[in-house]
Amino acid sequence: MANGQWFPQDWPERIRALAEGTLTPVVPKRAATVMLLKDTAAGPAVHMLRRRASMAFAGGAYAYPGGGVDPRDDDHQIRWAGPTRAWWSRRLAVTETEAQAIVCAAVRETYEEAGVLLAGETPDSVVGDTTGADWEADREALVARGLSFAEFLERRGLVLRSDLLGAWTRWITPEFESRRYDTWFFVAALPAGQRTRNASTEADRTVWIAPADAASAYDKGELLMMPPTIATLRQLTGYAAAAEALAAAPGRDLTPVLARARLDGEEIVLSWPGHEEFTKHIPTGGATA
């Protein structure tokens, strides 16, 4: 393996089926993931988790906290700080209710998988330590989907801090995948007084790592990642502080990145527009180049 790029072994077969018209694409589900940053003496570090090797999808791959949108968060009115829902609707190119649910998913998943909560009792505050037993009970209820994030915020009397998030990029799972997600990537800074922990049942390890170091480890084949993960890591390497990345987020292009696959003679050519490093030439026999 020349680098740490991961892709499912059934892709060649499914790509051929799509090209031949015998595969109907699955409708992608909405999702959100968060690149959580903190400043260090050497520059910003990003929080990453390693998916358990036993996971059916991307087992062993490094990723960010993230997951699917909960439809219950679409229209439940919650206390909200920062840019309005209308602003987020325009930024994410969705309806206002969808925008609320996507932002809720980003904040919820960061809490579920990293123990970090981007919310406070007032529009200009953030909660402190969230490691107590009562907090853990609520977090587990969120994971089990017995409690919606909107209900959690309301019960706790908390305001969602949308101003602590910056929409960074958007990737849609290729049409030939069996499980597809329309994923918005966000950037955020670790709030003062909070600390991360491995709260995810899907991860066996978490790390704080400089984006450049993570990208270098990927290039050496030491860290396994999917294309969106390594692509966003490379984009983060030019910032000297977490605040710089957050300040840059509003100006970033959110045009969805969607992989393309085509048959070219005896091989399948798989590419991600604007990300030439991920182009793969897959012989019809299934090997990769």
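Below, each value reflects all heavy atoms present in this structure, side chains not excepted, and no hydrogens, waters or symmetry copies.
Between the side chain of Arg50 and the backbone N or O of Gly60, no donor-acceptor pair lies under 3.5 Å. Under the 3.5 Å distance criterion, the side-chain polar atoms of Ser148 are left unmatched by any main-chain donor or acceptor of Asp73. In terms of modelled atom types and a separation under 3.5 Å, the side chain of Glu136 and the main chain of Thr131 share no donor-acceptor contact. Proximity of a side-chain donor or acceptor of Gln194 to a complementary backbone N or O of Val127 within less than 3.5 Å is detected. Under the 3.5 Å distance criterion, the side-chain polar atoms of Ser271 are left unmatched by any main-chain donor or acceptor of Pro273. The backbone N or O of Arg85 sits nowhere less than 3.5 Å from a side-chain atom of Ser89 that would complete a donor-acceptor pair.
Side-chain atoms of Leu37 and Leu236, non-hydrogen and from C-beta on, do get closer than 4.5 Å to each other. Two residues are said to be in side-chain contact when any heavy atoms from C-beta on lie closer than 4.5 Å; Val107 and Leu165 meet this criterion. Inter-residue side-chain proximity for Val143 and Arg139 is flagged as met; some heavy-atom pair is nearer than 4.5 Å. No side-chain heavy atom of Pro25 sits under 4.5 Å from any side-chain heavy atom of Phe176. In this structure, Thr173 and Pro28 have side chains that are not in contact, with every pair of non-hydrogen atoms separated by 4.5 Å or more. Put simply, the side chain of Val26 does not reach to within 4.5 Å of the side chain of Arg179, judged on heavy atoms. A 4.5 Å side-chain heavy-atom check between Val116 and Pro191 finds at least one atom pair inside the cut-off. Put simply, the side chain of Glu154 does not reach to within 4.5 Å of the side chain of Arg79, judged on heavy atoms.
Look at Asp124 and Arg161 and you find no salt bridge, because none of the NZ, NE, NH1 or NH2 atoms lies under 4.0 Å from a carboxylate O. Using a 4.0 Å cut-off between charged nitrogen and carboxylate oxygen, Arg234 and Asp219 count as a salt-bridge pair. Between Arg180 and Glu177, none of the side-chain N atoms (NZ, or NE/NH1/NH2) sits under 4.0 Å from a carboxylate O, so this pair counts as no salt bridge. By the 4.0 Å N-to-carboxylate-O rule, Arg90 lies too far from Glu96 to be salt-bridged with it. A salt bridge links Glu112 with Arg108: at least one charged nitrogen is closer than 4.0 Å to a carboxylate oxygen.
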Run the numbers on Phe186 and Ile102 for side chain to side chain contact (heavy atoms under 4.5 Å, CB included), then give the verdict.
CA-CA 10 Å; Phe186 294 85; Ile102 292 165; 3.9 Å; yes

Show your working on salt bridge (Lys or Arg N to Asp or Glu O under 4.0 Å) between Arg170 and Asp182 and close with a plain yes or no.
CA-CA 7 Å; Arg170 180 181 178 184; Asp182 185 351; 2.6 Å; yes

If you apply the rule side chain to side chain contact (heavy atoms under 4.5 Å, CB included), what do you find for Tyr62 with Val207, and how did you get there?
CA-CA 10 Å; Tyr62 280 77; Val207 296; 4.2 Å; yes

Decide side chain to side chain contact (heavy atoms under 4.5 Å, CB included) for Trp80 and Val103; before the verdict, give the C-alpha distance in whole Å, the side-chain angles of both, and the deciding distance to 0.1 Å.
CA-CA 11 Å; Trp80 185 277; Val103 172; 3.7 Å; yes

Mind running side chain to side chain contact (heavy atoms under 4.5 Å, CB included) on Val126 and Leu164 for me, showing each step along the way?
CA-CA 10 Å; Val126 182; Leu164 300 182; 3.8 Å; yes

Please test Glu276 against Thr279 for side-chain hydrogen bond (donor to acceptor under 3.5 Å, both in side chains), starting from the C-alpha separation and ending with a verdict.
CA-CA 5 Å; Glu276 287 70 22; Thr279 300; over 6 Å; no

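Rounding to the nearest 0.5 Å gives a distance of 9.0 Å between OG1 of Thr130 and CZ of Arg156. The OH atom of Tyr111 sits 7.0 Å away from the CG atom of Leu142 when rounded to the nearest 0.5 Å. For the atom pair CD (Glu267) and NE2 (His281), the distance works out to 5.5 Å, reported to the nearest 0.5 Å. Taking OG1 from Thr229 and OH from Tyr64, the interatomic distance works out to 5.5 Å, rounded to the nearest 0.5 Å. Here the CZ-NZ distance, from Arg195 to Lys38, works out to 11.5 Å after rounding to the nearest 0.5 Å. Residue Tyr218 holds its OH atom at 8.0 Å from CE of Met225, rounded to the nearest 0.5 Å.
Clustering of Ile, Leu, Val, Met, Phe, Trp and Tyr by side-chain heavy atoms under 4.5 Å joins Val269 with none of the others. Cluster partners of Val159 are absent, since no Ile, Leu, Val, Met, Phe, Trp or Tyr has side-chain heavy atoms less than 4.5 Å from it.
Taking all atoms of both residues into account, the shortest heavy-atom contact from Ala106 to Val34 is O-CG2, 3.4 Å. For the pair Ala189 and Leu36, the tightest heavy-atom approach, listed with the atom from each and the gap, is C-CD1, 3.9 Å. Here the closest heavy-atom approach between residue Asp39 and residue Ala242 is recorded as OD1-N, 2.8 Å. Taking every heavy atom of both residues into account, Ala99 and Val94 meet most closely at N-CG2, 3.5 Å. The two residues Ala81 and Ser162 come nearest to each other via the heavy atoms O-OG, 2.8 Å. In terms of heavy atoms, Ala261 sits closest to Ile268 at CB-CG2, 4.5 Å.
By the rule that hydrophobic residues join a cluster once side-chain heavy atoms approach within less than 4.5 Å of another member, Leu270 and Leu23 end up as members of one cluster. Both Leu254 and Trp87 are assigned to one and the same hydrophobic cluster, defined by single-linkage of ILVMFWY side chains at heavy-atom distances under 4.5 Å. No continuous path of hydrophobic side-chain contacts links Ile172 to Met226 [ILVMFWY only; heavy atoms under 4.5 Å]. No chain of hydrophobic side-chain contacts below 4.5 Å, direct or via other Ile, Leu, Val, Met, Phe, Trp or Tyr residues, connects Leu258 to Ile230.
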Review item, side-chain donor-acceptor pairs of residues 208-217, under 3.5 Å, at least two apart:
from, atom 1, to, atom 2, distance (Å)
Trp208, NE1, Thr196, OG1, 2.9

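Glu244 is linked by a side chain to side chain contact (heavy atoms under 4.5 Å, CB included) to Tyr239, Ala240, Ala241, counting only residues two or more places apart in sequence or in another chain. In terms of the side chain to side chain contact (heavy atoms under 4.5 Å, CB included) criterion, residue partners of Leu153 (sequence neighbours excluded) are, by chain and number, Ile78, Ala119, Phe149, Leu158, Leu160. Residues passing the side chain to side chain contact (heavy atoms under 4.5 Å, CB included) test with Thr183, sequence neighbours excluded: Ala31, Thr33, Tyr181, Phe185.
Judged purely by distance below 3.5 Å, without hydrogens or angles, the side chains of Thr232 and Trp168 never pair a donor atom with an acceptor atom. With no hydrogens or angles considered, no side-chain donor-acceptor pair links Gln100 and Thr97 at under 3.5 Å.
Using the six-membered ring where Trp is involved, Phe152 and Trp135 have ring planes that are perpendicular, over 60° apart on the 30 and 60° scheme. Classification of the Phe278-Trp272 ring pair by plane angle, with boundaries at 30° and 60°, yields perpendicular.
Relative to the ring axis of Trp184, Arg30 does not place its NZ or CZ within 45° and under 6.0 Å from the centre.
Around the CD atom of Glu140, the shell of radius 6.0 Å holds more than 12 heavy atoms that belong to other residues, nucleotides or ligands.
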